[in-house]
Amino acid sequence: MPPLSVDALRKQFKSGGLLPIYVLVGSDTKLIEQLSDAIEATIDEADRAFSVDRLYAAEEGGAPVDIIAAARTPSMLGGPRVVTVLRAERLLKPKRGGKAAKDDEDDAAEDDGAEGAALDFAPIEDYLAAPVDTTTLVFVASDADGTRRLTKKLKEKAGWVECGGLETRTANDRREAVAAARAQVQRELDALGRVIEPQAMQLLIDRTGLDITQLRGAVEIGR
């Protein structure tokens with residue numbers, strides 16, 4: 001499945017046509033939080049206590065088998081359901097332990113890095129083939145290893161949404177990042193009905209070092 005843009009995802013919120021599975025990944029934690037909250041907000045507020053679950057990947061109750069059990073559990077109210085898996089980078093880019101992981105292409109069990117123990121991703125892979133149509137399963141991750149078997153399968157089957165920051169590698173990257181930062185700050189200030197002088201804009205960008213999280217935080221402080 002082609003990557004899904006943030007704008008395209010927001011259109012899905014408005015149309016009500018959510019996909020069964022999403023991956024929200026990147027360093028822009030504020031944007032990811034907004035998108036994740038918006039997906040959960042598609043459930044009526046009065047029903048969320050019964051129809052929205054949040055799990056933490058690779059923690060107690062957050063193993064792949066637990067995640068899929070939650071996704072397959074019908075809503076107590078019989079309507080749609082959202083299951084959000086936080087810190088999913090533990091599944092998509094886990095730290096490597098002392099043991100070498102098996103070949104991702106040949107084995108669905110991968111090293112979770114904590115103590116060399118293996119996570120069995122077969123439940124997630126099976127679910128990707130036939131997701132529950134009344135559940136929206138959302139993986140929230142700061143990063144993902146594109147060489148891993150599970151990551152590849154999610155890119156094929158899920159709505160993959162990149163929420164990157166303003167990382168730069170070359171001078172051209174930096175010029176584009178500065179322009180993107182200016183545009184982002186301007187959009188957020190316009191939404192607040194605020195204005196900023198060009199010198200103040202430049203000072204803000206210089207002081208935050210193009211860190212998108214710091215930029216968003218500075219705008220929020222200035223509200």
Quick one: are [X] and [Y] in side-chain contact, heavy atoms under 4.5 Å?
X: Lys153; Y: Arg149; value: yes
X: Trp160; Y: Thr151; value: yes
X: Arg81; Y: Asp53; value: yes
X: Val6; Y: Leu31; value: yes
X: Leu24; Y: Phe139; value: no
X: Leu86; Y: Leu55; value: no
X: Leu35; Y: Val140; value: no
X: Leu92; Y: Val25; value: no

Could you list the donor-acceptor pairs under 3.5 angstrom formed between side-chain atoms of residues 61-75 and any protein atom two or more places apart in sequence or on another chain?
unit_1, atom_1, unit_2, atom_2, d
Asp66, OD2, Ala63, N, 3.3
Thr73, OG1, Ala69, O, 2.6
Ser75, OG, Ser51, OG, 2.8
Ser75, OG, Leu77, N, 3.1

Rounded to the nearest 0.5 Å, how far does [atom2] of [Y] lie from [atom1] of [X]?
X: Ile39; Y: Gln34; atom1: CD1; atom2: CD; answer: 12.5 Å
X: Arg54; Y: Ser36; atom1: CZ; atom2: OG; answer: 5.0 Å
X: Asp120; Y: Glu125; atom1: CG; atom2: CD; answer: 8.5 Å
X: Cys163; Y: Glu33; atom1: SG; atom2: CD; answer: 12.0 Å
X: Arg48; Y: Thr42; atom1: CZ; atom2: OG1; answer: 8.0 Å

Open item on the list: For Ser5 and Asp7: C-alpha separation, side-chain torsions, deciding distance, then whether side-chain hydrogen bond (donor to acceptor under 3.5 Å, both in side chains) applies.
Closed with: CA-CA 5 Å; Ser5 71; Asp7 287 343; 5.5 Å; no
Determine, using the 4.5 Å side-chain heavy-atom cutoff (strictly less than), whether [X] and [Y] are members of one ILVMFWY cluster.
X: Val138; Y: Phe50; answer: no
X: Met76; Y: Val83; answer: no
X: Leu203; Y: Ile196; answer: no

Task: Glu197/Gln202 under side-chain contact (heavy atoms from CB on, under 4.5 Å): CA gap, chis, key distance, verdict - done: CA-CA 9 Å; Glu197 296 294 328; Gln202 187 60 52; over 6 Å; no
- [ ] Kindly determine whether Tyr127 and Leu137 satisfy side-chain contact (heavy atoms from CB on, under 4.5 Å), including the steps that lead there.
- [x] CA-CA 10 Å; Tyr127 186 83; Leu137 176 59; 3.9 Å; yes
- [ ] Answer yes or no: is there a donor N or O on one side and an acceptor on the other, between the side chain of Arg90 and the main chain of Ala57, under 3.5 Å?
- [x] yes
- [ ] If a pair satisfies side chain to side chain donor-acceptor pair (under 3.5 Å) and one of its residues is in residues 131-143, list it, with sequence neighbours excluded.
- [x] Lys93-Asp143
